[in-house]
Amino acid sequence: MKKILNELNEEQKIAAKTVDGPLLILAGAGSGKTKTITTRLAYLLSAGIDPANTLTLTFTNKAANEMRERALSILGSNISYPPLLCTFHKFGLLFLKFNIDKINRKNNFVIIDTNDKKRIIKNLGCDLPISLVASEISRYKNSLISPEIAEAKSIQPNYKIIASVYKQYEEYIEKNNLVDFDDLLSLTYKILDENDDICKQTSDRYHYIMVDEYQDTNDLQYKLLKKLCSNHQNICVVGDDDQSIYGWRGANIKNILEFPEEFPNAKIIKLEKNYRSTNQILKTANNLIEHNRGRLGKKLESIKGDGKEIDFIECENETVEANIIGNRIKKLIESGVKPQNIAILYRINALSRSIEEGLNRTQVPYKMVGGVKFYERAEIKDIISYLRIIANPNDDFSFKRIINRPKRGIGKISINKIVKAAYKQKQSIFQFLDKNINLATKSISSKKSIVEIKKFIKNLKKLKKELNTSTYEFIDLLEETFHLKEYYQKLPDSIEKIANIDEFYGLFRDFIIVHPEANLDDFLNDIALQSDQDQIDKESISIMSIHASKGLEFDYLFVIGLEEGFFPINGDGSDIEEERRLGYVAITRAKKELTLSHSNSRFYKGRRTNLSKSRFLSECGICKGSLNLEKTTTFKKGDLIKHKIFGMGRVLEVNKIKREFKLKINFGGTKRDILASFVEKI
DNA sequence: ATGATAACAGTTTTT
DNA sequence: CTGTTATCAT
């Protein structure tokens with residue numbers, strides 16, 4: 001048992017050995033967090049705790065898989081039962097599969113993703129921006145606010161509308177037995193809250209709970225955890241308040257800041273020894289984060305020595321910036337540095353373009369991490385919809401997606417007619433088209449389309465039958481029957497789409513091989529919560545957003561776009577302390593060398609904008625006195641002004657150039673750029 | 001029903 | 001400038 005803890009330092013050891021009661025492990029960046037909690041899990045099990053009594057929750061499948069692997073490798077093969085180690089959402093899914101009947105719903109529900117959700121909201125007919133409505137509904141659900149309460153609470157007319165859309169949305173997804181990502185948690189909470197017996201039983205079952213990335217939990221996840229540990233208080237949370245970067249998505253940094261108050265007698269252990277970066281890098285990170293007020297306080301110290309000084313590049317524009325960085329990286333690679341140890345980070349994805357162009361010019365191979373998710377691609381979702389329909393023909397939601405894919409001559413109007421007619425008969429679309437095809441033909445305009453639909457229904461039934469007989473060849477049969485690849489062949493970007501489809505077919509076959517006795521439902525459930533785990537390519541450097549870089553590390557790191565307005569972003573809905581934490585996350589990804597870059601101007605949203613240096617540069621001690629925040633101007637867009645030569649005009653734009661402000665002014669139709677000091681307000 | 005053009009909006013996105 | 005969506009001919 002002692003052996004298990006051998007590789008840990010003193011603090012880590014104490015953390016791993018503290019088994020009972022609430023425990024907060026404040027794990028700074030690069031402090032061996034994963035090692036500590038996987039060892040702790042291994043220690044628990046080796047101390048005789050039944051693996052069935054443990055629950056370890058993470059945010060990503062990637063983290064869950066990595067931790068499982070590491071914990072099991074410490075233990076070797078001598079465990080009786082695999083410990084439950086999964087994402088919050090997967091836990092919700094498992095719980096609902098057993099318990100959703102308590103709220104009178106069937107457990108063959110289908111999980112929808114954010115795009116599905118938006119499509120439903122759109123079809124409900126609502127003039128407000130869809131993403132606003134979707135995120136507000138999400139907010140309500142995560143605050144356990146029902147549509148009725150939302151309606152009652154709303155004062156503004158727009159919020160009345162949102163509340164009513166929320167109500168219709170809930171009715172729709174219940175009717176279609178759908179479950180969105182938020183429901184996986186909110187319905188789980190609801191059942192635990194309304195059924196004391198189930199709550200007690202569940203809490204008893206999971207007697208030792210661990211939570212990774214605790215700083216990213218939201219209010220609902222906090223409440224859920226409270227329920228889960230209500231019978232024992234054996235909750236160990238691991239996180240770093242300085243790395244809380246998902247506040248805009250509902251994560252509540254208070255959960256970690258106030259853990260000691262919320263869980264009385266909590267033990268707190270700080271892991272401040274950093275095994276990743278040089279002291280120069282950590283000093284920079286510490287300098288920056290010390291400007292934040294809302295934090296528990298922590299100072300990282302390197303075991304690696306001082307290292308190289310931070311490099312700062314100031315560029316005229318983004319093209320120069322990209323060329324300089326491209327050339328530097330090229331030299332690094334030529335000197336023997338492996339491309340997978342180099343990365344470029346940016347605050348907003350829009351900055352990737354100029355960098356990509358620069359890397360192409362300087363012939364540096366790169367891979368963009370993040371971007372469009374594999375399972376969110378239209379072609380993949382179409383095939384998943386086919387599989388869902390075959391698994392459950394009454395899944396109207398999926399049916400609507402593929403009824404005209406490939407094109408069968410069924411447009412929006414026909415679909416609406418069919419849906420209404422089916423609804424009248426109290427049947428699913430599939431049942432309606434199958435059993436009442438004569439009635440259905442009234443909804444479809446052309447003869448050709450009717451023939452197509454008949455064929456479609458026949459084929460779906462054929463495949464459903466086939467499902468019971470053979471599984472492995474099933475995917476080939478799907479392709480032979482519906483010719484999906486043929487359809488995508490004709491569409492733009494066909495090569496990429498076909499490659500994706502082939503990859504998906506491969507994943508299906510792999511799943512069948514790994515789980516020979518699993519059925520189609522198991523596969524669909526498995527992939528519903530899966531996002532692709534971007535592999536870091538050995539042959540290429542990585543470029544990605546700072547958010548996408550969390551948890552990763554690189555020997556040579558470049559952070560670009562250190563400009564006010566770009567990083568930090570300032571304006572509506574931006575939080576300067578969270579921006580600073582993003583800076584902290586970015587800097588602490590670097591192991592050996594860190595380069596920060598600034599561009600004096602950028603081409604963005606179709607126009608060139610002049611930019612001043614990010615305040616973060618001066619805050620972390622890179623670039624002293626770079627900030628002129630005191631220096632402001634009273635001119636604003638729309639002001640009437642007078643110029644000695646050009647006369648009266650109206651301000652169109654205010655731009656900051658070094659220490660002056662340049663105004664774009666409309667003088668009776670002629671636009672001119674003029675320094676602010678040459679005009680007077682009137 | 002479908003494909004072409006106009007109008008519009010553009011921070012980050014673990015499930 | 002780009003990618004997405006609404007609208008309008010065909």
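Nothing here was measured: the structure is a model prediction, and the numbers come from that model. Here is the naming used below: chain letters follow the sequence lines, and residue numbers restart at 1 for every chain.
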Ring centre gap for Y246(A) and H547(A) strictly below 6.0 Å: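 Close enough - the centres of the two rings lie under 6.0 Å apart.
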With ring centroids as reference points, do F432(A) and F399(A) lie under 6.0 angstrom apart?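 No: the rings miss the under 6.0 Å criterion.
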Would you please classify the geometry between the F504(A) ring and the Y375(A) ring as parallel, tilted or perpendicular, with 30° and 60° separating the classes?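 It falls in the perpendicular class, over 60°.
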Take the protein atom [atom1] of [X] and the nucleotide atom [atom2] of [N], then report the distance between them rounded to whole Å.
| X | N | atom1 | atom2 | value |
| --- | --- | --- | --- | --- |
| E563(A) | dT11(B) | CD | P | 16 Å |
| D182(A) | dT15(B) | CG | P | 14 Å |
| D212(A) | dT15(B) | CG | P | 13 Å |
| D113(A) | dT14(B) | CG | P | 11 Å |
| I348(A) | dT11(B) | CD1 | P | 7 Å |
| F59(A) | dT14(B) | CZ | C1' | 8 Å |
| E578(A) | dT11(B) | CD | P | 15 Å |
| K550(A) | dT13(B) | NZ | P | 12 Å |

Check whether any side-chain nitrogen or oxygen of [X] sits under 4.0 Å from OP1 or OP2 of [N], and answer yes or no.
| X | N | answer |
| --- | --- | --- |
| N349(A) | dT11(B) | no |
| S414(A) | dA1(B) | yes |
| N61(A) | dT14(B) | no |
| S545(A) | dT11(B) | no |

If the C1' atom of dT12(B) is compared with that of dT5(C), how far apart are they to the nearest Å?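 These two C1' atoms come out 23 Å apart once rounded.
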In whole Å, what separates the P atom of dT13(B) from that of dT4(C)?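 Result for the P pair: 15 Å, nearest Å.
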Is a side-chain donor or acceptor of N176(A) paired with a backbone partner of L178(A) at a separation under 3.5 angstrom?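 No: the side chain of N176(A) does not pair with the backbone of L178(A).
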Keeping R408(A) on the side-chain end and I403(A) on the backbone end, is there a donor-acceptor pair under 3.5 Å?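 Side chain of R408(A) to backbone of I403(A), a donor-acceptor pair under 3.5 Å: yes, one is there.
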Which sits closer to the 5' end of DNA chain B, E376(A) or L582(A), going by the nucleotide each is nearest to?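 In this pair, the answer is L582(A).
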Taking the minimum atom-to-atom distance to the side chain of R347(A), which one of dT12(B), dT15(B), dT13(B) wins?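 That would be dT12(B).
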H89(A) side chain: which of dT15(B), dT14(B), dT11(B) is closest?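 Closest nucleotide to the H89(A) side chain: dT15(B).
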Classify [X] by what it touches in the nucleic acid, base, sugar-phosphate, or nothing, heavy-atom distance under 4.0 Å.
| X | result |
| --- | --- |
| Y604(A) | sugar-phosphate |
| T114(A) | base |
| I245(A) | nothing |
| I569(A) | base |

Can you spot which of L228(A), L220(A), N142(A) makes a side-chain contact (heavy atoms from CB on, under 4.5 Å) with Y189(A)?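 The passing option is L220(A).
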R119(A) NZ/CZ over F397(A) ring centroid, <6.0 Å and within 45° of normal: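 The answer is yes; both the distance and angle limits are met.
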For each nucleotide in nucleotides 1-10 of chain C, reading 5' to 3', give B when a protein heavy atom comes within less than 4.0 Å of its base, S when such contact involves only the sugar-phosphate, and - otherwise. BSS--S----
Given the rule in the side chain to side chain contact (heavy atoms under 4.5 Å, CB included) test, do E66(A) and R70(A) qualify, once you have shown the distances and angles that lead to the verdict? CA-CA 6 Å; E66(A) 192 186 326; R70(A) 287 174 68 166; 3.6 Å; yes
What about R249(A): does its side chain form a donor-acceptor pair under 3.5 Å with the base of dT11(B)?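 No, no donor-acceptor pair under 3.5 Å.
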Interatomic spacing from [atom1] in [X] to [atom2] in [Y] - rounded to 0.5 Å:
| X | Y | atom1 | atom2 | answer |
| --- | --- | --- | --- | --- |
| E619(A) | H291(A) | CD | NE2 | 4.5 Å |
| R105(A) | L96(A) | CZ | CG | 8.5 Å |
| W248(A) | S135(A) | CH2 | OG | 10.5 Å |

Pull out every protein N or O sitting under 3.5 Å from an N or O of nucleotides 2-6 of chain B, one pair per line with the distance.
unit_1 : atom_1 : unit_2  : atom_2 : d
dT2(B) : OP2    : N404(A) : ND2    : 3.2

